[in-house]
Amino acid sequence: MVRKKAKSKRMTCARRYKNQKNINEHKRKERREARKNPKSRKLKKDPGIPNLYPFKDQLLNKIEQQKRKLEDEKQRQKDARNSLFNKNRKLNFASLSEDASKRDAEFDNDHVSEEEGISTAIDAAVVGQKDNSRKAYYKEFRKVLEAADVILEVLDARDPLGCRTKHIEKMILESGSTKRVILVLNKIDLVPRENIMQWLIYLRKELPTIAFKSSTQSQRKNLGHVSASVSTASNKMLQHSNECLGADMLIKLLKNYSRNLNIKTSITVGVIGIPNVGKSSIINSLKRSKVCDIGATPGLTKFAQEIHLDKNIKLLDCPGIVFTRDKNAEILLRNCIKIELLDDLISPVELIVSRCKPEQLMIRYNVPMFRDVNEFLLHLARQRGKLKHGGIPDIDSAAKIVLQDWNSGKIPYYTIPPVIDKNNAILDSTIVSTWSKEFNLNETCNEVEDQNILSGSKSESDFDRVMVDSDESNN
Ligand SMILES: Nc1nc2c(ncn2[C@@H]2O[C@H](COP(=O)(O)OP(=O)(O)OP(=O)(O)O)[C@@H](O)[C@H]2O)c(=O)[nH]1
């Protein structure tokens, strides 16, 4: 029997193109229809098991049992993970200390004596947050701490004490190791210059401190530096510039240290601080190119990253860590916890509203007079079109807007340093004088250089300010 030859499906190009065009047109039409009538896009609801099905009860029981079994299994795995982690935590200390002992035996001894303090930190870093990655961040943080010769502790100039981790500083300094700590007061463009000067005086009583503004330029390479030696007049023009300020002074300090200690190889400089203070931005500014990812979301840096600034200086970027279990409104205002992880968005906004003048918020958000935070958020939600089904104002979305503005500096705020109390000082005041020679502090970090850096920044009279109490109790 002769088999009939199958008909070829080949067609002319013209026909194929025409078919494709028709298909595209059809899909476009479907999309348009779906946009016009979103309900039609919804998946059909599962009708469930029909009542007439004779074994409905048995089937439902079986499903229920399976569900319960699955939940039990999940809980069991969770418990096992937790107990394993608790067991490992102590081991981690031992192994980390072992590494440290290779570098510096004394550091290790003190570290063990500080176990209580660090344990609190690790608890804080791991427990009580929905973000479990903090455990990994803490490990990276320890690595940086142990590898660094000089540690740059980055503080947000708007609330330096709120960002400071004094127990870590104390642990490093009292370990008797040769590690040095420099405080970097970043984001000075968000604070009036008089206030920065006050903070520099306050902080320099305990540790070398420099004022810094990271570059916020968007290009990948050739990020600009402004030298402190440029004239005051031209610096004034930099008031709104995106270029970096203070990099020269910082590099000079590090080079002085390397030269004075006659270090032939490179020095390792660890950059630490709570999330979002600008650690990665500082590294990018020093390197003059975008070598680290930066962004307004806290917790962007996830691993320690090594960057070679030049043959003498190696920088280590570090994930930011919050050293407290507490999640009170004060801490939330430091932008160190992701807004998405907050259970209560209203309390921090309430704190902001209580600190701002009502007129300030009314002008900024173009809302009418309000009596309390709820009324303010209702106005704002309506004004910004943040509405839920049925036109109900979405106050959570409105609260997010306010928190984002607070953190990005659109609502300007700053803190005043407390009165210097020698009896209350945690760090020994002799530290600065001892280190002064190593860093040539008197030559590099003096008032004239500071004035040069700050001459372009805004003065107190230009600020419609919000005053915040300087609170370090949570660190
Ligand atoms: N205005 C201003 N903004 C800055 C400055 N430095 C950093 N920022 C901004 O602050 C935000 C956080 O900067 P990052 O460098 O990502 O901060 P980080 O400390 O590395 O953050 P994590 O990776 O979360 O630990 C970014 O939106 C930066 O643009 C500064 O000097 N001035």
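Just follow the structure's listing: the first ligand is 1, and inside any ligand the first atom is 1. By convention here, the first residue in the shown sequence is residue 1.
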**Request:** Before giving the answer on side-chain contact (heavy atoms from CB on, under 4.5 Å), spell out for Phe141 and Ile168 the whole-Å C-alpha distance, their side-chain angles and the decisive distance to 0.1 Å.
**Result:** CA-CA 11 Å; Phe141 171 75; Ile168 296 288; 3.9 Å; yes
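Under the ring-ring contact (aromatic ring centres under 6.0 Å, His included) criterion, no residue pair touches residues 272-297, with sequence neighbours excluded.
Residue-level contacts of ligand 1 at the 4.0 Å heavy-atom threshold are Asn186, Lys187, Asp189, Leu190, Lys213, Ser214, Thr216, Pro275, Asn276, Val277, Gly278, Lys279, Ser280, Ser281, Ile294, Gly295, Ala296, Thr297, Pro298, Gly299, Leu300, Thr301, Gly320.
A donor-acceptor pair shorter than 3.5 Å cannot be found between the side chains of His167 and Glu169.
Ring geometry for Phe370 versus Phe376: interplanar angle of 30 to 60°, hence tilted.
Checked against side chain to side chain contact (heavy atoms under 4.5 Å, CB included), Lys437 has no partners two or more places apart in sequence or in another chain. Evaluation of the side-chain hydrogen bond (donor to acceptor under 3.5 Å, both in side chains) rule for Arg204 yields Asp450 as partners, not counting sequence neighbours.
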